[in-house]
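The chain is numbered in sequence order, starting from 1.
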Amino acid sequence: MPARPTAPPAGGLGWAHLGMDIVSVTRVRRLRSEYGEEFFGRMLDPGELDDCRTSAGLDLLGLCGRIAAKEAAFKTLRVRGVLLPWRDIVVRRADGGWPLVHLRRRAAEYAAQAGIAEITVSISHDVDYAVAVAAPILGDPAPPAGGDLPERTSPEPLSGTTGTVRSTP
């Protein structure tokens, strides 16, 4: 047995790596206080930020959930020595309320190399923390259903939702 355990590589039939992440609302609140809401534009695209807004302003739990979902989805790809390509993993809310993740550019390439077609994502949050778990589905990437990500007109905070990642270059 090796001194340090190693996981088998992803990509084999029936084998996939789970991803999970937890985000502290206190930490995100501190980042917003220190750098302003513009800081999150480095991590989320305008549509994602719009999904995190309510009539009261930026929903920190929703923002934390999106950040956790991006990290969890990235962890399923198991790439070494690579920083998370924040803007290449886009988490939006479907009309039904569950998160949809669109992988583009580098993230889509990593998924294709790992044999990942889709990723099921679950996000939950409560007061101080948001968590997300991502489970990849192996196979050929499915074509995007209906084209682009959904347009939303009534942002509401996410709460305990699940969804699927579509990987398209």
Side-chain angles (χ1 to χ4, degrees), residues 4-24 27-28 39-52 61-125 129-152 155 157-169:
R4 184 175 186 175
T6 57
L13 183 60
W15 179 261
H17 298 287
L18 293 177
M20 191 246 180
D21 198 66
I22 184 168
V23 174
S24 162
R27 181 171 180 237
V28 170
F39 173 81
F40 301 109
R42 296 178 181 184
M43 304 163 93
L44 287 80
D45 75 12
E48 290 174 299
L49 285 169
D50 286 347
D51 283 351
C52 295
L61 281 173
L63 177 64
C64 290
R66 281 201 171 46
I67 292 169
K70 286 177 179 248
E71 294 243 15
F74 180 68
K75 288 174 180 178
T76 67
L77 304 177
R78 295 283 171 109
V79 291
R80 289 184 114 185
V82 175
L83 295 175
L84 191 154
W86 288 103
R87 304 250 330 196
D88 291 355
I89 301 172
V90 179
V91 181
R92 298 292 308 273
R93 188 169 339 128
D95 290 337
W98 54 85
L100 293 177
V101 179
H102 177 73
L103 302 177
R104 53 187 185 189
R105 295 185 293 263
R106 289 182 297 150
E109 291 172 19
Y110 299 147
Q113 290 168 5
I116 294 173
E118 298 179 28
I119 302 174
T120 299
V121 178
S122 180
I123 299 172
S124 187
H125 38 64
Y129 295 95
V131 297
V133 176
I137 299 169
L138 303 178
D140 293 328
D148 294 329
L149 293 168
E151 291 296 321
R152 295 197 349 90
L158 284 173
S159 178
T161 55
T162 60
T164 301
V165 172
R166 297 276 182 209
S167 174
T168 57

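The heavy-atom pair separating I119 from A134 by the smallest distance is CG2-CB, 3.5 Å. For the residue pair I123 and A69, the shortest heavy atom distance occurs at CD1-CB, 3.7 Å. For A111 against L103, the heavy-atom pair with the smallest separation is CB-CD1, 3.7 Å.
Side chains of D45 and H102 form no contact here, defined as non-hydrogen atoms less than 4.5 Å apart. With contacts defined as side-chain heavy-atom distances shorter than 4.5 Å, the pair Y110/V82 qualifies. A 4.5 Å side-chain heavy-atom check between I116 and L138 finds at least one atom pair inside the cut-off. In this structure the side chain of V131 never reaches within 4.5 angstrom of the side chain of V133, judged on heavy atoms. Between I89 and V101, some side-chain heavy-atom pair lies under the 4.5 Å cut-off. Inter-residue side-chain proximity for V28 and F40 is flagged as met; some heavy-atom pair is nearer than 4.5 Å. Between C64 and Y129, every side-chain heavy-atom pair lies at or beyond the 4.5 Å cut-off. Contact of the I67 side chain with the L44 side chain is registered, since non-hydrogen atoms from C-beta on lie closer than 4.5 Å.
A salt bridge does not link R93 to D51: none of the charged side-chain nitrogens sits closer than 4.0 Å to a carboxylate oxygen. E48 has a carboxylate O that lies under 4.0 Å from a charged side-chain N of K70, or vice versa, which qualifies the two as a salt bridge.
Put simply, the residue from K75, R106, E71 that forms a side chain to side chain contact (heavy atoms under 4.5 Å, CB included) with L84 is E71.
Looking only at distances, no side-chain donor or acceptor of R66 sits under 3.5 Å from a matching main-chain atom of V90. Counting only distance, with no hydrogens or angles, the side chain of R42 and the backbone of R87 share no donor-acceptor pair below 3.5 Å.
Considering CZ of R78 and CG of L18, their distance stands at 8.5 Å, rounded to 0.5 Å. To the nearest 0.5 Å, atoms CG (L100) and CG (D95) are separated by 9.0 Å. The CD1 atom of I137 sits 3.5 Å away from atom OG1 of T120, with the distance rounded to the nearest 0.5 Å.
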Please determine whether side-chain contact (heavy atoms from CB on, under 4.5 Å) holds for the pair V121 and W98, giving the CA-CA distance in whole Å, both sets of side-chain angles, and the decisive distance to 0.1 Å.
CA-CA 9 Å; V121 178; W98 54 85; over 6 Å; no
